[in-house]
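What follows is a single structure, written as structure tokens, with notes after it.
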Amino acid sequence: MAQYSRISGSVGLITLKSLPVNALGAVVRQGIVDSLKTALQDPKVTSVVICGQNGVFCGGADIKEFGDSESGPPLIPMIHAIEAGNKPMVAAIEGFALGGGLELALGCHYRIAHSKARLGLPEVTLGLLPAAGGSQRLPRLIGVPAALDLIITGRHVTAAEALQLGIVDQVTDHHTVDAAVKFALSVAGRPLDARRISSYSCPPVSGDLDALFEEVMRKVRRGARGAIAPVACVQAVRAAATLPYARGMERERELMATLFTSGQARALQYSFFAQRAVSRWSTPSGARWDASAPKPVRKVAVIGLGTMGRGIAVALAQAGFPVVSVETQEKQLTEAKRAVSQMLERGAKRRGVAAPLDKMSYSSNIQAVADVDLVIEAVFEDMGLKKKIFQQLSAVCKPDALLCTNTSSLDVDQLASQTRNPELVVGMHFFAPAHVMKLLEVVYGPRSSPQALATAMQLGKKMGKVSVAVGNCPGFVGNRMLKAYVEQAFFLLEEGATPELVDSALEEFGFSMGFFKVSDLSGLDVGWKVRKEDGLALPGVSTGPSARIRQGRRYSPLGDLLCQRGRFGQKTGSGWYQYGKPGGRVATPDPWLHSFLEEYRAQHGLVPRRIDPQEVLERCLYALINEGFRILEDGIAAGPEDIDCIYVFGYGWPHYRGGPMFYAAMVGLPKVLERLEHYYRAHPDVPDLQPCSLLRRLVASGSPPVQKWKEAIKKLHSQL
Ligand SMILES: CCCCCCCCCCCCC[C@H](O)CC(=O)SCCNC(=O)CCNC(=O)[C@H](O)C(C)(C)COP(=O)(O)OP(=O)(O)OC[C@H]1O[C@@H](n2cnc3c(N)ncnc32)[C@H](O)[C@@H]1OP(=O)(O)O
């Protein structure tokens with residue numbers, strides 16, 4: 001709702017009231033329309049202030065209403081009525097004014113913001129554009145280049161930047177509504193024509209307008225990788241720059257109509273709520289986010305300063321935690337100190353803040369962690385080494401310190417069993433580079449306490465990560481699913497594809513890099529080492545029937561064969577592609593690799609066939625999705641949202657496709673099932689292609705929408 005009152009004798013005060021973010025749902029819009037009418041009709045009222053309750057102006061249109069048929073007064077005429085009003089309207093912005101919230105403020109004649117407020121038009125992140133006049137008013141107010149920047153990126157600006165850009169008229173450190181009322185009293189009776197942004201023309205740009213838009217559009221198309229909203233945002237701003245306001249509004253509506261019902265908007269809005277859903281974690285044992293208080297974490301240690309440890313230390317220091325970093329190899333320690341300082345300085349420069357160098361301390365002695373509240377072990381993926389470190393930590397640390405491992409696939413429970421307090425051990429699986437990547441898998445073992453899980457989840461949140469609680473199994477969620485995808489990519493090469501074909505299909509789908517390019521970038525030796533440890537990559541088994549079978553199932557030794565030839569990817573100058581020189585970054589197709597594949601197929605009696613991009617996508621993605629269903633069935637992830645967040649924020653899954661499980665629902669579960677059955681018939685020695693029983697059950701129960709899967713999964717557990 002919106003509450004109306006008259007204060008200071010002559011100021012009409014409209015307060016938006018809809019917790020938690022005063023979104024502009026139907027009831028709020030009705031309240032504003034009614035309040036506005038009262039204020040305009042009351043002769044005692046000479047000016048109006050619009051504010052929001054609870055220190056929040058407005059979080060925008062109510063995203064939860066987007067799927068419903070429209071009810072209540074529409075937003076656009078409501079904002080027009082505010083702008084057309086014959087009494088000065090002042091927006092009092094506290095907390096945030098985002099999306100429709102900022103558009104409402106832009107309809108007002110003046111805007112006063114609290115110094116801590118944030119403003120922005122983040123619609124693009126929901127697959128939309130600012131379609132309540134935002135794409136037309138903002139460029140008229142602050143100019144085309146600045147408006148393009150805000151609308152295409154969806155970034156929030158501080159009140160100080162908003163003032164500098166000309167979005168707000170005044171910034172206050174005091175009570176915002178009081179300041180706005182004072183301001184409203186001072187402008188009462190002033191002419192308003194020059195304050196109605198819709199009557200402005202966009203300020204002229206320096207240089208050629210067409211050239212500017214062409215350049216921006218080129219950049220946006222390149223960066224968007226198939227996302228349609230950023231492109232529509234540019235088109236809408238172009239309309240603002242080239243058309244009269246009314247025609248610009250028509251164009252804005254046309255573009256919005258296309259976006260509004262698009263699969264991309266659905267996916268991005270699903271992802272918005274998925275991110276919030278994963279923070280309300282629960283485990284099969286009944287532990288829940290709202291029932292376990294996290295332990296206070298004041299000081300943290302990182303063990304091991306390789307690539308991962310450095311990134312984790314930087315992310316912790318940037319989040320304000322004092323960090324003790326332990327590295328026993330002196331040479332590595334010296335290098336790491338320099339690298340970490342550089343990373344902190346670069347990050348600080350980018351964010352315009354001071355580098356938190358004082359948060360870091362270093363030691364080559366594990367005793368230095370004696371007083372910390374939480375340790376993150378980030379040494380090599382070697383169970384023996386990690387066990388030893390956990391024994392040491394258990395002896396050195398405070399008895400109530402949380403001991404975490406950054407392992408990407410090893411058994412967290414085995415590490416817990418090395419300690420005095422196994423309930424205080426959890427996995428904190430970061431993704432490289434750890435100070436950049438948003439994802440954190442928090443792995444609970446059967447003995448981890450709810451409080452330990454709550455503490456790691458909260459620490460992740462403080463570090464700005466999307467933290468997802470997952471169960472303990474080889475590879476957890478992300479890497480376990482990835483294994484099925486990688487295997488299909490190898491099999492496709494055996495059957496006739498090239499790395500270029502596989503990668504281009506995946507890139508066309510929206511991944512920034514296909515699997516083989518990623519593999520060259522991260523180093524083929526990484527997977528080789530894991531396969532050797534798992535007993536899969538065996539020395540000397542490159543011919544004969546056993547070369548392509550391991551542990552009773554089909555296996556492709558292609559990656560091992562390249563590694564045996566020293567082709568580790570970019571770092572050695574060749575892998576699945578060639579790079580000209582060690583450390584080269586530009587992938588070019590490699591004729592040697594093509595002949596190698598031909599010889600390999602001939603040697604193993606494989607007759608190459610034509611493989612189309614559709615098969616590449618179906619084989620790689622459906623195998624991965626199938627494993628996702630198994631993970632849900634096993635209770636390793638609490639719901640499809642958890643898996644989708646992991647893939648979007650940790651594995652480069654295109655955001656506008658929502659995540660693998662959402663994508664499966666979009667494609668249609670019956671189709672995913674039918675294609676998996678088809679491929680499993682063709683490849684009965686590949687268990688990953690055998691459709692999982694949860695998928696079959698969901699199809700049998702009418703393929704409910706992804707938001708309803710949790711119910712089906714719960715029923716599944718209750719039957720166990
Ligand atoms: C068929 C042809 C149709 C033709 C169409 C043409 C018609 C055109 C008319 C449409 C007009 C469009 C108007 C406008 O341009 C569109 C929009 O405004 S879209 C919304 C834009 N706003 C945002 O993107 C902001 C989203 N929210 C946030 O970023 C954050 O929530 C926050 C506001 C910064 C607050 O952050 P936090 O404090 O961390 O809190 P949470 O994030 O946890 O949120 C708390 C709680 O609030 C829920 N929520 C937040 N924002 C909204 C919202 N806008 N609508 C609904 N609900 C919201 C959030 O989900 C949390 O709830 P929970 O999920 O935990 O229950």
Side-chain angles (χ1 to χ4, degrees), residues 60-61 74-84 91 97-109 111 119-157 161-162 164-169 192-221 224 227-260:
L75 192 55
I76 296 170
M78 183 192 93
I79 295 175
H80 277 145
I82 291 171
E83 191 186 57
L98 298 174
L102 180 54
E103 291 175 298
L104 167 65
L106 291 173
C108 293
H109 307 115
R111 287 155 293 282
L119 299 85
L121 293 174
E123 285 85 345
V124 69
T125 64
L126 299 169
L128 303 174
L129 61 86
S135 74
Q136 303 305 300
R137 283 197 181 88
L138 193 65
R140 285 178 160 80
L141 182 63
I142 66 171
V144 167
L148 274 170
D149 168 39
L150 259 61
I151 292 173
I152 295 167
T153 62
R155 75 182 176 91
H156 301 177
V157 296
E161 188 179 350
Q164 195 196 1
L165 288 169
I167 300 176
V168 299
D169 302 287
L192 292 171
D193 281 351
R195 303 296 314 176
R196 296 191 174 103
I197 300 172
S198 67
S199 69
Y200 300 1
S201 297
C202 288
V205 296
S206 60
D208 180 53
L209 190 68
D210 285 338
L212 180 141
F213 274 105
E214 273 158 32
E215 177 58 18
V216 171
M217 191 57 107
R218 241 195 322 274
K219 272 200 196 139
V220 163
R221 282 192 201 279
I228 55 176
V231 172
C233 286
V234 180
Q235 289 169 325
V237 175
R238 185 174 194 143
T242 52
L243 298 175
Y245 177 76
R247 296 232 350 253
M249 284 300 288
E250 278 169 29
R251 184 77 179 123
E252 182 190 85
R253 189 185 160 80
E254 244 168 58
L255 291 162
M256 179 65 154
T258 313
L259 297 180
F260 202 70

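Just so we're clear, the structure is a prediction, and the values are computed from it rather than from any experiment.
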### Task
Any salt bridge (charged side-chain N to carboxylate O under 4.0 Å, His left out) involving residues 129-144? Give me the pairs, sequence neighbours left out, ordered by first then second residue.
E83-R137
### Query
How about L259 and I228: do any of their side-chain heavy atoms sit closer than 4.5 Å?
yes
### Query
Do any N or O atoms from the side chain of Y200 and from the backbone of A194 form a donor-acceptor pair under 3.5 angstrom?
yes
### Query
Got L138 and I197 here, is their nearest side-chain heavy-atom distance under 4.5 Å?
no
### Atom CD of E215 with >12 non-hydrogen neighbours under 6.0 angstrom
yes
## Note on the structure
Across all chains, not counting sequence neighbours, the side chain to side chain contact (heavy atoms under 4.5 Å, CB included) partners of L98 are F96, P122, H156
### Message
Going by the rule salt bridge (Lys or Arg N to Asp or Glu O under 4.0 Å), which residues pair with E254 if we only count those two or more places apart in sequence or in a different chain?
### Response
R251
### Over all atoms of both residues, closest heavy-atom pair of P203 and P139
CD-O, 3.4 Å
### Side-chain heavy-atom pair M78, L75 within 4.5 angstrom cut-off
yes
### Task
Report yes if the side chains of I151 and E123 come closer than 4.5 Å at any heavy-atom pair, otherwise no.
no
Contacts under 3.5 angstrom, residues 204-211 side chains, donor-acceptor by atom type, not counting sequence neighbours:
| from | atom 1 | to | atom 2 | distance (Å) |
| --- | --- | --- | --- | --- |
| D208 | OD2 | A211 | N | 2.9 |
| D210 | OD1 | R238 | NH2 | 2.7 |

### Query
Got a sec, which pairs hit salt bridge (charged side-chain N to carboxylate O under 4.0 Å, His left out) with one end in residues 97-108, sequence neighbours left out?
none
### Message
Please check: side-chain N/O of Q136 versus main-chain N/O of A236, any donor-acceptor pairing under 3.5 Å?
### Response
yes
### Non-hydrogen side-chain atoms of S199 and D193 separated by less than 4.5 Å
no
### Query
With sequence neighbours left out, what residues match E252 under side-chain hydrogen bond (donor to acceptor under 3.5 Å, both in side chains)?
S135
### Query
Any side-chain heavy-atom pair from V220 and L148 closer than 4.5 angstrom?
no
